[in-house]
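Residue numbers start from 1 in every chain, and the chains themselves are labelled A, B, ... in the order their sequence lines are given, proteins ahead of strands. This structure is a prediction, so every number in the text was calculated from the model and none was measured.
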Protein chains: 2
Amino acid sequence: MALRHAVLAALLDAELSGYQLAKSFGMGVANFWHALPQQLYAELARLEKDGLVAGREVVQDSRPNKRLFTVTGAGLAELERFTAETAKPSFMRDDLVVKVHSADHVDTAPLIAQLTERAGFARAKAELFTRLLEAMRGSRTEEEFLRRGERVGPYLTCLAGLAYEQVNQQWCERTAAVLRERQAARADR
Amino acid sequence: MALRHAVLAALLDAELSGYQLAKSFGMGVANFWHALPQQLYAELARLEKDGLVAGREVVQDSRPNKRLFTVTGAGLAELERFTAETAKPSFMRDDLVVKVHSADHVDTAPLIAQLTERAGFARAKAELFTRLLEAMRGSRTEEEFLRRGERVGPYLTCLAGLAYEQVNQQWCERTAAVLRERQAARADR
DNA sequence: GGCTTCATGTAAGTGGTTACATGATTGG
DNA sequence: CCAATCATGTAACCACTTACATGAAGCC
């Protein structure tokens with residue numbers, strides 16, 4: 001039950017619809033959790049039923065109507081409770097890493113391609129995060145913003161996303177380079 | 001269906017029992033995937049039924065008997081197929097990051113404690129990985145080993161684990177420091 | 001006239017976690 | 001003598017993914 005809290009945390013900064021949440025969580029700004037639209041609609045329904053969020057219908061013309069959600073008092077209390085609870089360790093689970101583990105026993109050409117592609121995605125995400133951070137801190141320096149800004153939570157999670165994507169990119173590039181070099185050396189013999 | 005391939009990849013280097021696999025995957029050397037013992041026993045049964053691994057009974061006295069597993073030809077072919085298949089993106093999903101996102105709205109004391117604890121674990125894991133890498137490359141330099149070593153897959157995945165734990169540690173420490181400082185500043189007013 | 005965006009879901013399936021069960025041996 | 005290690009599982013539950021469904025408006 002962690003998606004619940006991710007949704008609550010996302011709704012702290014803005015009143016959003018399921019569709020808008022889906023965009024953040026699906027990719028793009030999803031710097032702290034990932035989820036598909038179906039999951040979000042289902043979770044919002046459950047949260048509303050439990051009184052942790054409140055939805056209000058917004059009528060639009062030339063667009064389908066939508067429901068915007070806000071965190072209730074009970075919702076904030078639930079987040080508070082969750083945050084205090086001891087965190088379970090998080091684990092790395094990545095197909096690509098499994099593939100690299102068996103690199104010496106299989107054809108490396110498609111692996112190199114996947115590593116290169118992944119490096120590109122990571123780089124794009126890192127750039128996006130860099131811009132988001134700039135937007136959040138405005139004219140202030142990072143130090144200054146983190147000391148006196150009113151809302152640093154999203155900034156700190158964005159820093160986590162940035163660091164994560166940067167090492168991801170570096171590792172993918174280096175691994176691809178190593179495998180390429182070994183492939184070339186094999187071809188020589 | 002990714003645990004399958006993680007198990008196959010782990011069995012490339014050694015003939016292991018479910019129990020031994022469980023130790024690697026549960027923590028410690030689990031530098032490339034995480035799984036609980038129950039999952040592994042179930043997965044090994046499925047893999048054997050499908051002919052991707054072969055088990056042999058080893059009778060022991062003064063210890064319960066065990067079954068050691070090896071990858072079959074079909075298993076290797078399956079790994080080959082899996083490695084060539086285009087990889088899906090991997091996503092960050094971490095309770096602690098969700099908690100930090102809502103840091104401005106909740107009591108930060110327990111959060112700081114969790115971040116500090118997590119930093120400690122990350123540091124311990126990073127040190128373990130450093131030692132594993134040294135053991136794998138022996139007297140060679142990293143450059144040299146990656147160029148001419150016979151088995152670099154596990155080395156590369158261990159490098160991924162090391163980088164991951166290092167940024168994890170740094171982020172946790174910095175985030176804890178930021179939250180501590182803000183807590184102190186609030187107490188002053 | 002067809003593709004993307006807005007907007008919201010249902011249903012079936014797979015994969016992972018939590019809880020529980022058993023039993024012998026070694027080490028402090 | 002009590003805890004940890006070796007060794008293997010079953011059962012129930014929860015979370016996430018894949019596939020499918022619907023419909024109007026705007027954009028090239």
Side-chain angles (χ1 to χ4, degrees), chain A residues 1-8 15-28 30 33-50 53 55-69 82 85-95 98, chain B residues 1-8 15-28 30 33-50 53 55-69 82 85-95 98:
Chain A
M1 254 195 251
L3 175 59
R4 308 208 87 175
H5 305 104
V7 170
L8 288 172
E15 200 182 15
L16 297 170
S17 68
Y19 186 81
Q20 290 171 301
L21 277 170
K23 273 200 303 184
S24 306
F25 279 74
M27 225 246 67
W33 199 266
H34 172 261
L36 299 164
Q38 306 93 300
Q39 261 180 290
L40 290 164
Y41 286 114
E43 194 60 55
L44 282 169
R46 253 171 282 152
L47 283 164
E48 195 178 21
K49 193 196 65 189
D50 298 346
V53 303
R56 70 179 176 95
E57 185 90 16
V58 173
V59 181
Q60 301 180 114
D61 38 69
S62 88
R63 282 261 166 266
N65 296 347
K66 60 180 171 184
R67 308 197 63 221
L68 296 180
F69 295 90
F82 167 72
E85 161 184 299
T86 66
K88 27 196 117 150
S90 94
F91 298 108
M92 200 190 211
R93 245 178 216 155
D94 187 343
D95 281 11
V98 174
Chain B
M1 251 195 250
L3 175 59
R4 304 209 94 179
H5 305 105
V7 170
L8 288 172
E15 199 183 14
L16 297 169
S17 66
Y19 186 81
Q20 290 171 301
L21 277 170
K23 273 200 302 184
S24 305
F25 279 74
M27 225 244 67
W33 200 266
H34 171 260
L36 299 163
Q38 306 93 299
Q39 264 180 288
L40 291 164
Y41 286 114
E43 195 59 56
L44 282 169
R46 253 172 282 152
L47 283 164
E48 194 177 23
K49 193 197 65 190
D50 298 346
V53 302
R56 69 178 177 96
E57 184 91 15
V58 173
V59 181
Q60 301 180 113
D61 39 68
S62 89
R63 281 265 167 261
N65 295 348
K66 60 180 171 183
R67 306 199 63 221
L68 295 182
F69 294 90
F82 166 72
E85 160 183 303
T86 66
K88 23 195 122 150
S90 94
F91 298 108
M92 201 191 209
R93 245 175 215 157
D94 186 343
D95 280 10
V98 174

From CG of B:Leu40 across to P of D:dT8 the rounded distance in Å is 11 Å
| message | For A:Leu68 and A:Gln20: C-alpha separation, side-chain torsions, deciding distance, then whether side-chain contact (heavy atoms from CB on, under 4.5 Å) applies. | response | CA-CA 9 Å; A:Leu68 296 180; A:Gln20 290 171 301; 3.7 Å; yes
Here the distance between atom C1' of D:dC13 and atom CE of A:Met1, to the nearest Å, is 11 Å
Ranking C:dT17, D:dC6, D:dA15 by distance to the side chain of B:Lys23, first place goes to D:dC6
Taking for B:Phe91 and for B:Lys66 the nucleotide of DNA chain D with the nearest heavy atom, the one nearer the 5' end belongs to B:Lys66
Computed from five pairs at either end and rounded to 10 degrees, the angle between the axes of the helix from C:dG1-D:dC28 to C:dG28-D:dC1 is 50°
> Within the side chain of B:Tyr41, is there an N or O that forms a donor-acceptor pair under 3.5 Å with the backbone of B:Tyr19?
Replying inline: yes
TODO: Could you give me the CA-CA distance, side-chain angles and deciding distance for B:Val98 and A:Phe82, then say whether side-chain contact (heavy atoms from CB on, under 4.5 Å) is met?
DONE: CA-CA 10 Å; B:Val98 174; A:Phe82 167 72; 4.1 Å; yes
Rounded to whole Å, the CD-P distance (B:Gln39 to C:dG16) equals 5 Å
Review item, nucleotides 20-28 of chain D N/O atoms under 3.5 Å of protein N/O:
{"unit_1": "D:dA25", "atom_1": "O3'", "unit_2": "A:Ser62", "atom_2": "O", "d": "3.4"}

Smallest heavy-atom separation, B:Ala6 atom then B:Phe25 atom, equals O-CZ, 3.6 Å
Rounded to whole Å, the OH-P distance (B:Tyr41 to C:dT17) equals 17 Å
Contacts of A:Glu57 meeting side-chain contact (heavy atoms from CB on, under 4.5 Å) (sequence neighbours excluded), chain-then-number -> A:Asn65, A:Arg67
Phosphate OP1/OP2 of D:dA7 contacted by B:Gln60 side-chain N/O (<4.0 Å):
yes
Rounded to whole Å, the CG-P distance (A:Leu68 to C:dC6) equals 14 Å
A:Leu16 CG to C:dT8 P, in whole Å, measures 11 Å
**Asked** Does the side chain of A:Tyr19 get closer than 4.0 angstrom to OP1 or OP2 of C:dC6 through an N or O atom?
**Response** yes
Closest to the 5' end of DNA chain C, once B:Leu36 and B:Arg46 are matched to their nearest nucleotides, is B:Arg46
| query | Does the pair B:Phe69 and B:Glu15 meet the rule for a side-chain contact (heavy atoms from CB on, under 4.5 Å), with working shown? | reply | CA-CA 5 Å; B:Phe69 294 90; B:Glu15 199 183 14; 5.9 Å; no
Atom CG of A:Leu47 and atom P of C:dT8 are separated, to the nearest Å, by 15 Å
Salt bridge (Lys or Arg N to Asp or Glu O under 4.0 Å) filter on A:Arg4, not counting sequence neighbours, yields A:Glu43, A:Asp50
Is there a side-chain contact between B:Arg93 and the phosphate of D:dT17, meaning an N or O under 4.0 Å from OP1 or OP2? yes
On DNA chain D, more 5' by nearest nucleotide between A:Leu3 and B:Phe69 is B:Phe69
Contacts of B:Gln39 meeting side-chain hydrogen bond (donor to acceptor under 3.5 Å, both in side chains) (sequence neighbours excluded), chain-then-number -> none
Note: B:Ala22 and B:Leu40 closest approach over all heavy atoms is CA-CD1, 3.3 Å
B:Glu57 atom CD is separated from D:dC6 atom P, nearest whole Å, by 18 Å
Regarding the side chain of A:Arg67, the nearest nucleotide among C:dT8, D:dT17, C:dG16 is C:dT8
Residues at least two apart in sequence or cross-chain that pass side-chain hydrogen bond (donor to acceptor under 3.5 Å, both in side chains) with B:Gln38, listed by chain then number, are none
